[in-house]
Amino acid sequence: MKWKRHESYLEILPPKEFDFKECLVFLGRSSQEVLHQIKAGSVYKLLKIKDETILLKISGSSPSILIEFPIQFPSSNTYEEIAEYIWEWFDFDQDLNGFYQAASKDEMLQSLIAKYKGLRVIGIPDLFEALTWAIIGQQINLGFAYTLKKRFVEQFGESLTFEGDTYWLYPSYEKIAQIRVEELRGLQFTRRKAEYIIGVARAMANGKLTKASLLQQKEYQPIKKSLMAIRGVGAWTADYVMMKCLQIPDAFPIADAGLHQALKLQLGLKQKPAIEEINVIAANWENWRAYATFYLWRSLYESNK
DNA sequence: ATCCAGGAACTGT
DNA sequence: ACAGTTCATGGA
C-alpha cells in the first residue's frame, strides 16, 4: 500500500492500471445510493473508524487519489486506516495486467477492456454491509434493492449533515442484532430477508462471524462453504461477498441474472445462456472471473439513471 | 396480466 | 441428490 500524508490532505498512490473516472461511473450508477455522493467529480463518503466519524472528499488527480477532509481532520493515527479502506475499496492490491493478459484470449473481454480500461472491482470492505446488501438484492430488481437499502440505512444508520447535505453510515451489526423482524417488515423487507439480516447481525455481534476468520481459510472452497453455512447465504451470495468483500478475483456468481443478461447482449444471443454454456464461455477467464463479471455488469449501465 | 428481478430455504420424492 | 414450491414486491 502506497500513500503519503500531506499537511491538509492524504494522497493515495494507486497502481498504474487504474482509471478514477471509470470507477466514478460505477459509483454513480444509482441515483438512490445513500452511502456516498458524487459532486463535481469528487466522491463524498462518511467513514467511521473506531469512534471517529470522518467525512472524506475523494478526488482523482492522476495518477494519484487525493483525500480531503471537509469537516475536520482525522487524528493522526487514523490516516493509515483511511488509506487502507480506500486501498481495499478500489481493490488496488490486484495486478490487472494478469486480467488483461488472460483476456487476450477472449474477444468479448478484450472489447470490454478496451471500453472500461482501468476499472477495478469496487468493493464493500465491511463484511456486514457486503453480506446484508447481497441479501437485500436477492431476487428483486436493482432499483427496488436500492429503495430497500435506503430505507434500511435511513432507519438504522447514523448520519451527519454538513452544508445542507446529509451523509450516512451503514447500520452497525450491533444495532441490527437488537431489532425485531417486524421492524424490517415495515420497510417492506420480506419476512425471510428480515430473518436472514438479523441472523447475520447476531452472528457478528456474537463474534461467531468475522472477516478475519473467513480470510484465514485462504482457499476458495472452504471460504465459500463457511459463507454458505449462514442462513440466507447461497452460492450466489457467497460468491458475491467473496468478490466484493474478500477481494477474491476469481469469485464467480455464475447464477447472477445480470451476468446472464450482459452475456446475452455482448454475445448477441437469442436468449440468456444456461449455466453449462457459461462455463464454456468462461473457460478463458480463469483466476479473473470476478473481474470478467464486474466488467460485464458495467456493460449493462451504458446509459443509466 | 404475466414474467422476471444481481436467490435461498423449504418440502416432497 | 434433485425438482418443484414458496416467499413478496416492483418494474417492464
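The sequence lines fix the lettering, A, B, ..., with proteins before strands; numbering per chain opens at 1.
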- Message: Under 4.0 Å, counting only non-hydrogen atoms across every strand here, what does A/F189 touch: a base, just sugar-phosphate, or nothing?
- Response: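 Contact class for A/F189: none.
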- Identify whether any heavy atom of A/A145 sits under 4.0 Å from a base atom; if not, whether one sits that close to sugar-phosphate; answer base, sugar-phosphate or nothing. nothing
- Note on the structure: Closest to the 5' end of DNA chain C, once A/G143 and A/R192 are matched to their nearest nucleotides, is A/R192
- Task: Verify whether one side chain among A/T53 and A/E158 offers a donor that lies under 3.5 Å from an acceptor in the other.
- Result: no
- Say whether A/Y220 and A/D239, considering side chains only, have a donor N or O and an acceptor N or O under 3.5 Å apart. yes
[X] [atom1] to [N] [atom2]: how many Å, rounded?
X      : N      : atom1 : atom2 : result
A/W236 : B/dG7  : CH2   : C1'   : 8 Å
A/R231 : B/dA9  : CZ    : P     : 8 Å
A/R191 : B/dG7  : CZ    : C1'   : 19 Å
A/L148 : B/dG7  : CG    : C1'   : 14 Å
A/M228 : B/dC10 : CE    : P     : 13 Å
A/D256 : B/dG7  : CG    : P     : 6 Å
A/Q271 : B/dC4  : CD    : P     : 11 Å
A/K224 : B/dG7  : NZ    : P     : 14 Å

Side-chain N or O of [X] closer than 4.0 Å to phosphate OP1/OP2 of [N]:
X      : N      : answer
A/R185 : C/dA8  : no
A/Q139 : C/dC7  : no
A/T147 : C/dG10 : no

- A/F162 ring center within less than 6.0 Å of A/Y44 ring center: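 Aromatic pair excluded; centres sit 6.0 Å or further apart.
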- Select one nucleotide: of B/dA8, C/dG10, C/dT9, the one nearest the side-chain heavy atoms of A/N141.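 Of all the options, the side chain of A/N141 is nearest to C/dG10.
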- Query: Starting at the 5' end of DNA chain B and moving along, which residue's nearest nucleotide shows up first, A/Y146 or A/V233?
  - Reply: A/Y146
- Name the residue closer to the 5' end of DNA chain B, choosing between A/G258 and A/I230 according to the nucleotide with the nearest heavy atom. A/G258
- Message: A/F26 vs A/F90, test: ring-ring contact (aromatic ring centres under 6.0 Å, His included). Steps then yes/no.
- Response: CA-CA 11 Å; A/F26 173 80; A/F90 291 100; 9.8 Å; no
- So, do A/T132 and A/K149 sit near enough that their side-chain heavy atoms are less than 4.5 Å apart?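 Sidechains of A/K149 and A/T132: no contact.
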- Can you tell me, in whole Å, how much space there is between the C1' of B/dA9 and that of C/dG10? 22 Å
- Separation between the P atoms of B/dA8 and C/dG11, rounded to whole Å: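 Taking atom P in both B/dA8 and C/dG11, they lie 23 Å apart.
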